[in-house]
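Worksheet: one structure, shown below.
Proteins get letters first, then strands, A, B, ... in listed order; numbering begins at 1 in each.
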Amino acid sequence: MYSLEQKQYFSAELMSWYKRHKRDLPWRRSRNPYHIWVSEIMLQQTRVDTVIPYFERFMDKFPTIEALAEAPEEEVLKAWEGLGYYSRARNLQTAVREVQERYGGTVPDTKEDVFSLKGVGPYTAGAILSIAYNKPEPAVDGNVMRVLSRYFLIEEDIMKGSTRVLMEKLAKELIPEGEAGDFNQALMELGALVCTPKSPHCLTCPVMAHCAGRAAGMEDSLPIKKKAKPPRPESRYTALVEGTGEHTGKVLIRQRPAEGLLARMWELPHTLATGAAGDPAAAHEALASHLAADGLGIDSLHLLMQAEHVFSHIRWDMQVYVCRPEPSPLLSELPELLPSHYRWISREEMEQYAFPNVFLRILNTYFKGTFQLKEKERRSLHSRQSVL
DNA sequence: AAAGCGGGGGG
DNA sequence: CCCCCAGCTTT
């Protein structure tokens with residue numbers, strides 16, 4: 001299917017364009033399979049500009065497969081903090097450890113072995129094999145599906161697995177002899193820079209002359225994709241518990257369970273608000289009983305802020321309440337008995353724990369406020385002293 | 001085949 | 001501001 005001329009023209013013009021427009025990216029400075037691998041995992045669902053600083057820091061911290069294999073998981077999560085999809089980081093470390101043990105520290109170069117690594121699917125396997133080892137395997141990501149669906153006017157729903165398989169077959173046929181790595185990167189580069197999701201830059205496109213989608217005036221309506229369901233909203237009460245006594249200046253955080261959403265990341269305590277949210281009394285009741293289950297009595301003080309966190313499937317609408325541990329004359333002499341996944345931390349100690357972005361925003365807002373409060377007190381103290 | 005899994009950027 | 005982007009794992 002598709003004419004030989006349309007295919008040969010595409011590959012030749014694309015390669016010529018890529019040689020002139022190739023971006024200088026940190027992971028393109030070598031063909032170290034480990035570097036390629038890490039970059040491809042980071043680039044899943046994530047834009048190049050976002051990935052660059054993370055990649056640089058990650059390589060400084062974990063320069064080799066051995067270094068990453070031996071690192072504590074919490075350091076790896078901390079290096080991934082803010083990138084999202086944290087299972088990518090956990091899977092990468094699992095896979096790197098497997099490469100250490102099973103392949104003596106060398107990234108395998110066969111389809112079967114690479115594909116079997118945790119976190120490596122059809123796209124990433126193709127990317128590693130082609131870019132690091134120049135093997136003629138397709139690497140079909142969203143960019144590639146968009147470019148091919150437009151150039152060849154393919155109207156299949158790209159969310160379907162069968163469409164990806166079709167695209168992989170086509171993409172493989174397009175690879176010029178001995179140039180798999182550059183060709184696959186060229187295809188993605190065109191999608192990123194020219195054949196963009198909205199308002200594609202057809203007039204500067206190296207293959208516009210034979211683009212079937214453009215000829216049909218369909219560049220804006222391709223690729224065909226069925227709409228995702230909107231995330232379901234969840235109202236959540238969040239507790240920012242201020243330490244007292246020996247924990248003065250600190251706040252209470254906890255670690256999430258090892259499985260599921262945001263696995264093993266750190267967070268502020270929060271709980272689902274059932275019924276009408278927004279009532280401070282209901283918030284106090286919900287947070288107090290939630291934390292009482294872990295042995296902490298609290299007084300809810302005031303609403304600090306609202307925060308929103310959108311996942312692909314859930315939207316958290318969070319109301320953040322500043323709380324204090326309940327004064328308890330009877331127990332005040334006893335050490336607290338919080339479960340071990342809780343910690344009292346200062347602003348400085350945030351550096352040691354990996355938080356999803358929404359909790360970083362809340363904590364930074366809170367600590368900025370308390371810092372400004374302290375500054376205000378210091379200044380007023382100072383002015384009183386100067387009066388004296 | 002469908003659902004779960006975060007966060008950023010562009011128009 | 002709303003809308004869009006998207007690969008792998010698990011079910």
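The separation of B:dC5 from C:dC4, taken at their P atoms, amounts to 23 Å, rounded to a whole angstrom.
The residue A:V358 sits apart from the nucleic acid: no heavy atom pair falls under 4.0 Å. Across all strands shown, A:I41 has no heavy atoms under 4.0 Å from either base or sugar-phosphate atoms. Residue A:L43 is out of contact with every strand shown, counting any heavy-atom pair closer than 4.0 Å.
The interatomic distance linking A:Q45 (CD) with B:dA3 (C1') rounds to 14 Å, in whole Å. Taking atom CZ on A:R256 and atom C1' on B:dG6, their separation rounds to 12 Å, with Å as the unit. Taking atom CE of A:M318 as the reference point, atom C1' of B:dG6 lies 14 Å away to the nearest angstrom.
Residue A:R146 has a polar side-chain atom (N or O) positioned under 4.0 Å from OP1 or OP2 of C:dA6. A sub-4.0 Å separation between OP1 or OP2 of C:dC5 and a side-chain N or O of A:K225 is present. Note on A:T46: every side-chain N or O is 4.0 Å or more away from OP1 and OP2 of B:dG6. Regarding contacts with the backbone of C:dC4, a side-chain N or O of A:K227 is found under 4.0 angstrom from either OP1 or OP2. Phosphate proximity of B:dC5 to A:H313: present, with a side-chain N or O under 4.0 Å from OP1 or OP2.
Ring orientation note: the planes of A:H313 and A:F311 are nearly perpendicular, at an angle over 60° on the 30°/60° scale.
Among the nucleotides C:dG7, B:dG6, C:dC5, the one closest to any side-chain atom of A:Y86 is B:dG6.
As the counterpart of C:dC8, B:dG4 is assigned, both hydrogen-bonding distances of the Watson-Crick or G-U wobble pattern falling under 3.5 Å.
Heavy-atom nearest nucleotides on DNA chain C were determined for A:I158 and for A:F115, and the one closer to the 5' end corresponds to A:I158. Nearest-nucleotide assignment on DNA chain B puts the 5′-proximal partner with A:G260, out of A:G260 and A:N357.
A:L222 approaches A:G213 most closely through the heavy-atom pair CD1-CA, 4.2 Å. Closest approach of A:W344 to A:E242, counting heavy atoms only: CZ3-C, 3.9 Å.
The ring of A:W266 has its center no closer than 6.0 angstrom to the ring center of A:F359. A ring-centre distance under 6.0 Å is found for A:F62 and A:F58.
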